[in-house]
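Order of the sequence lines sets the chain letters (A, B, ...), proteins ahead of strands, with each chain counted from 1.
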Protein chains: 2
Amino acid sequence: MHPCETCALRKKELFSPFSESDLKFMKEFRTGDVTLQAGEILHNEGDENAFFYTAKEGQGAHFKHLANGDRQLVNFIFPGDVVGLQALLSGAAATTAIAASPMLLCRFHKHKLAALFRDNPERAYALTWISAVEQHFLGETIATLGQRSAAQRMAWALLKIHTRLSAVGLAPNGVAAFPFKQRDLADALGLSLVHTNKTLAKLRPYVTWDHGELHVFDKNVLADIALTDHEAPQRRPLL
Amino acid sequence: MHPCETCALRKKELFSPFSESDLKFMKEFRTGDVTLQAGEILHNEGDENAFFYTAKEGQGAHFKHLANGDRQLVNFIFPGDVVGLQALLSGAAATTAIAASPMLLCRFHKHKLAALFRDNPERAYALTWISAVEQHFLGETIATLGQRSAAQRMAWALLKIHTRLSAVGLAPNGVAAFPFKQRDLADALGLSLVHTNKTLAKLRPYVTWDHGELHVFDKNVLADIALTDHEAPQRRPLL
DNA sequence: CGACCTGTTGATGTCCCTCAAAGGGGGTGG
DNA sequence: CCACCCCCTTTGAGGGACATCAACAGGTCG
């Protein structure tokens with residue numbers, strides 16, 4: 001099991017301070033690790049999970065599938081995200097969680113969740129806070145799928161992703177590691193693969209994304225296109 | 001202040017059992033009521049709220065606004081829903097919450113939230129659970145906006161709404177009270193008003209919605225169109 | 001060297017948007 | 001009690017953004 005003490009994640013600017021006593025508590029609370037290869041599934045839609053996780057390394061995504069075979073990428077999974085809590089609380093997973101690159105996640109057992117709420121109200125509060133952050137983000141996604149054009153969606157998404165990755169140190173020199181396929185981005189934005197490709201080409205003066213490397217050249221232009229102001233992500237707790 | 005003892009909401013089938021001690025605790029925890037007229041705003045996007053609420057009577061919605069004036073209805077507010085918790089936790093409201101009919105909400109003060117987590121782990125757990133249910137729903141909305149056609153979206157939404165309203169007793173004889181405008185549904189589905197109207201007309205054999213009354217004649221056909229199975233909503237806690 | 005996957009580009013079609021205008025109610029004032 | 005207005009709904013016509021179909025190029029792996 002990877003040691004908590006040397007985990008660099010909690011020192012990233014994205015997260016609110018993580019005290020020594022927090023560290024001690026979470027060390028006790030944690031029940032293991034999970035490692036995934038690219039393409040491996042953490043859990044499937046409908047599964048009744050016994051665990052939830054926080055992503056430590058690597059990236060993945062949540063997918064929802066329709067009866068006709070279409071799929072929607074609901075949410076990316078980046079380091080620091082909590083995965084599977086929804087599944088655990090409502091009884092069945094709403095999404096399929098898949099790794100897009102090798103991943104490492106810290107695992108927590110369902111049965112310890114009640115103890116968390118009983119013994120450590122601050123951490124429980126943090127958990128709810130994380131859930132609220134998630135809600136905020138899903139709401140924004142709904143707004144972009146409902147109201148924005150293809151180019152606007154893409155500018156919004158790439159900006160958002162780049163900012164999020166930067167905030168956990170995954171964009172050294174402004175180049176973010178983003179190990180997905182155009183197919184994935186298409187499914188995230190609700191666009192066809194072909195149109196995703198063409199829209200990417202149109203934005204090429206301002207962003208570039210190939211071989212898993214996401215370069216953002218002009219945040220301001222992208223933000224203008226996306227009809228959004230690119231603010232730094234709000235600080236939030238890490239579990 | 002409306003008395004908790006006679007509140008009929010907690011006896012509805014949608015909610016998991018609400019014990020006498022829960023009742024006693026929430027009575028203490030509650031800090032007041034809010035009543036809204038149709039069209040009144042509970043809070044605006046960007047507000048820093050001091051309160052959060054659970055909707056008791058009436059209906060409303062969460063909106064997000066884009067720089068160009070477009071708006072997206074992110075989520076409806078039905079009796080039993082928690083409102084404003086996200087705003088409170090992340091510091092600023094992500095959405096504008098507006099009443100579509102006269103509403104009554106139970107109000108809770110921000111400062112009491114820490115006490116809730118400290119003194120009543122079960123209720124805190126319930127709160128997080130509610131948040132997870134919300135996430136589940138937002139994820140489904142993302143999938144429909146991203147993948148479904150106009151008719152599919154509408155069938156999905158009307159079915160969902162009807163089911164949700166039935167579960168809190170707002171659809172006597174199968175006729176649900178749904179006090180919104182076509183403009184609102186259009187903004188919820190990411191469609192133009194005109195096309196919303198035309199799509200409603202197409203579905204008229206199976207659903208009807210006028211004068212705030214939503215009739216569902218054939219759930220199965222609607223579910224087929226929507227590419228979904230219409231299950232009863234999962235039981236969940238009430239705050 | 002062939003099979004496969006991902007990315008790229010062109011041609012054609014269609015779903016939905018935009019523009020435009022008319023038909024109910026319900027409310028207010030003359 | 002009728003005239004007028006405003007809000008919401010409904011319907012038609014035309015155009016555009018994006019989907020679908022099709023084909024090819026490059027890279028990787030057997």
Side-chain angles (χ1 to χ4, degrees), chain A residues 37-39 61 66 68-73 98 100-101 144-158 177-205 207-215 225-227, chain B residues 37-39 61 66 68-73 98 100-101 144-158 177-205 207-215 225-227:
Chain A
Q37 293 310 305
L66 269 68
N68 64 2
D70 286 354
R71 63 176 205 172
Q72 172 71 30
L73 192 162
I98 311 186
S101 70
T144 91
L145 291 184
Q147 304 300 331
R148 285 190 241 254
S149 71
Q152 292 171 338
R153 291 184 207 192
M154 186 158 299
W156 173 83
L158 294 181
F178 187 57
F180 290 86
K181 312 292 178 195
Q182 292 190 4
R183 163 94 269 147
D184 297 315
L185 187 60
D187 289 338
L189 302 180
L191 299 172
S192 73
L193 174 57
V194 172
H195 200 63
T196 300
N197 182 288
K198 289 174 180 170
T199 306
L200 258 175
K202 250 195 266 179
L203 295 182
R204 201 142 295 160
V207 235
T208 248
W209 172 39
D210 36 33
H211 307 291
E213 294 192 340
L214 179 63
H215 295 243
I225 294 174
L227 293 177
Chain B
Q37 294 310 307
L66 270 69
N68 63 4
D70 286 355
R71 62 176 207 172
Q72 173 72 28
L73 193 162
I98 311 188
S101 70
T144 91
L145 291 183
Q147 305 300 331
R148 286 190 241 253
S149 70
Q152 291 171 339
R153 292 183 206 191
M154 187 160 299
W156 172 83
L158 294 180
F178 188 55
F180 290 85
K181 311 293 177 195
Q182 292 190 6
R183 162 96 268 147
D184 298 314
L185 187 60
D187 290 337
L189 302 180
L191 300 173
S192 72
L193 174 56
V194 171
H195 200 63
T196 300
N197 181 287
K198 288 173 179 170
T199 307
L200 258 175
K202 252 195 264 178
L203 295 182
R204 200 141 296 159
V207 234
T208 249
W209 172 39
D210 36 32
H211 307 290
E213 294 192 340
L214 180 63
H215 295 243
I225 293 174
L227 294 177

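- Rounded to whole angstrom, the span from the CD atom of B:E213 across to the P atom of D:dT9 amounts to 14 Å.
- Note that the CD1 atom of B:I225 and the CZ atom of B:R148 stand 12.0 Å from one another [nearest 0.5 Å].
- If you take CE on B:M154 and CH2 on B:W209, they are separated by 8.0 Å, rounding to the nearest 0.5 Å.
- Listed by residue number, B:G190, B:L191, B:S192 are the residues of residues 185-192 of chain B with a heavy-atom contact under 4.0 Å to DNA chain C.
- Closest approach of A:A151 and A:L203 over heavy atoms only: O-CD1, 4.1 Å.
- If you check every strand for non-hydrogen atoms under 4.0 Å, B:S149 touches sugar and phosphate atoms only.
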* Going 5' to 3' through nucleotides 23-30 of chain D, assign each nucleotide B (protein heavy atom under 4.0 Å from a base atom), S (under 4.0 Å only from sugar-phosphate atoms) or - (no protein heavy atom that close). => --------
* Evaluate the criterion side-chain contact (heavy atoms from CB on, under 4.5 Å) for residue pair A:Q152 and A:T144; output intermediate values, then yes/no. => CA-CA 8 Å; A:Q152 292 171 338; A:T144 91; over 6 Å; no
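- The side chain of B:N197 approaches D:dT11 more closely than any other nucleotide in the set D:dT11, C:dC16, C:dG10.
- Between the P atom of C:dC16 and the CG atom of B:L145 lies a distance of 13 Å, rounded to the nearest Å.
- Residues that satisfy the side-chain contact (heavy atoms from CB on, under 4.5 Å) test with A:I98, not counting sequence neighbours, are A:I41, A:F63, A:T96.
- Atom CZ in B:R204 sits about 12 Å away from atom C1' in D:dT11, given to the nearest Å.
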* How far apart are the C-alpha atoms of B:L145 and A:Q72, what are their side-chain angles, what is the distance that settles it, and do they pass the side-chain contact (heavy atoms from CB on, under 4.5 Å) test? -> CA-CA 9 Å; B:L145 291 183; A:Q72 172 71 30; over 6 Å; no
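- Taking atom CZ on A:R148 and atom P on D:dC18, their separation rounds to 14 Å, with Å as the unit.
- When rounded to the nearest whole Å, the span between NE2 of A:H195 and C1' of C:dA11 equals 15 Å.
- If you take CZ of A:F180 and C1' of C:dC5, they are 18 Å apart, rounded to a whole angstrom.
- Helix-axis bend for the helix from C:dC1-D:dG30 to C:dG30-D:dC1: the local axis fitted to the five terminal pairs at one end deviates from that at the other end by 30°, rounded to 10°.
- Along DNA chain D, the nucleotide closest to B:L200 and the one closest to A:R153 are compared, and the more 5′ of them pairs with B:L200.
- Rounding to whole angstrom units, CZ of residue B:R183 and P of D:dC7 are separated by 14 Å.
- The side-chain hydrogen bond (donor to acceptor under 3.5 Å, both in side chains) analysis of residues 187-200 of chain B, with sequence neighbours excluded, yields the pairs B:R71-B:D187, B:Q182-B:N197, B:R183-B:D187.
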* **Intermediate values then yes/no, side-chain contact (heavy atoms from CB on, under 4.5 Å), A:L185 and A:L158** => CA-CA 9 Å; A:L185 187 60; A:L158 294 181; 4.2 Å; yes
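- The side-chain contact (heavy atoms from CB on, under 4.5 Å) check on B:D210 picks up B:T208, with sequence neighbours excluded.
- Within the model, atoms CG of B:L189 and CH2 of B:W156 stand 8.0 Å from one another, a figure rounded to the nearest 0.5 Å.
- Contact annotation: side chain of A:K198 to base of C:dG7, donor-acceptor pair absent below 3.5 Å.
- In this structure, CG on B:L73 lies 6.0 Å from CG on B:D184, to the nearest 0.5 angstrom.
- Here the side chain of B:K181 is nearest to one of D:dC21, C:dT6, D:dT9, namely D:dT9.
- Checking D:dC18, C:dG10, D:dT9 against the side-chain heavy atoms of A:V194 singles out C:dG10 as nearest.
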* Please walk me through it: do A:H215 and A:V207 pass side-chain contact (heavy atoms from CB on, under 4.5 Å)? -> CA-CA 6 Å; A:H215 295 243; A:V207 235; over 6 Å; no
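- Between A:N68 atom CG and D:dA19 atom P there is a gap of 14 Å when expressed in whole angstrom units.
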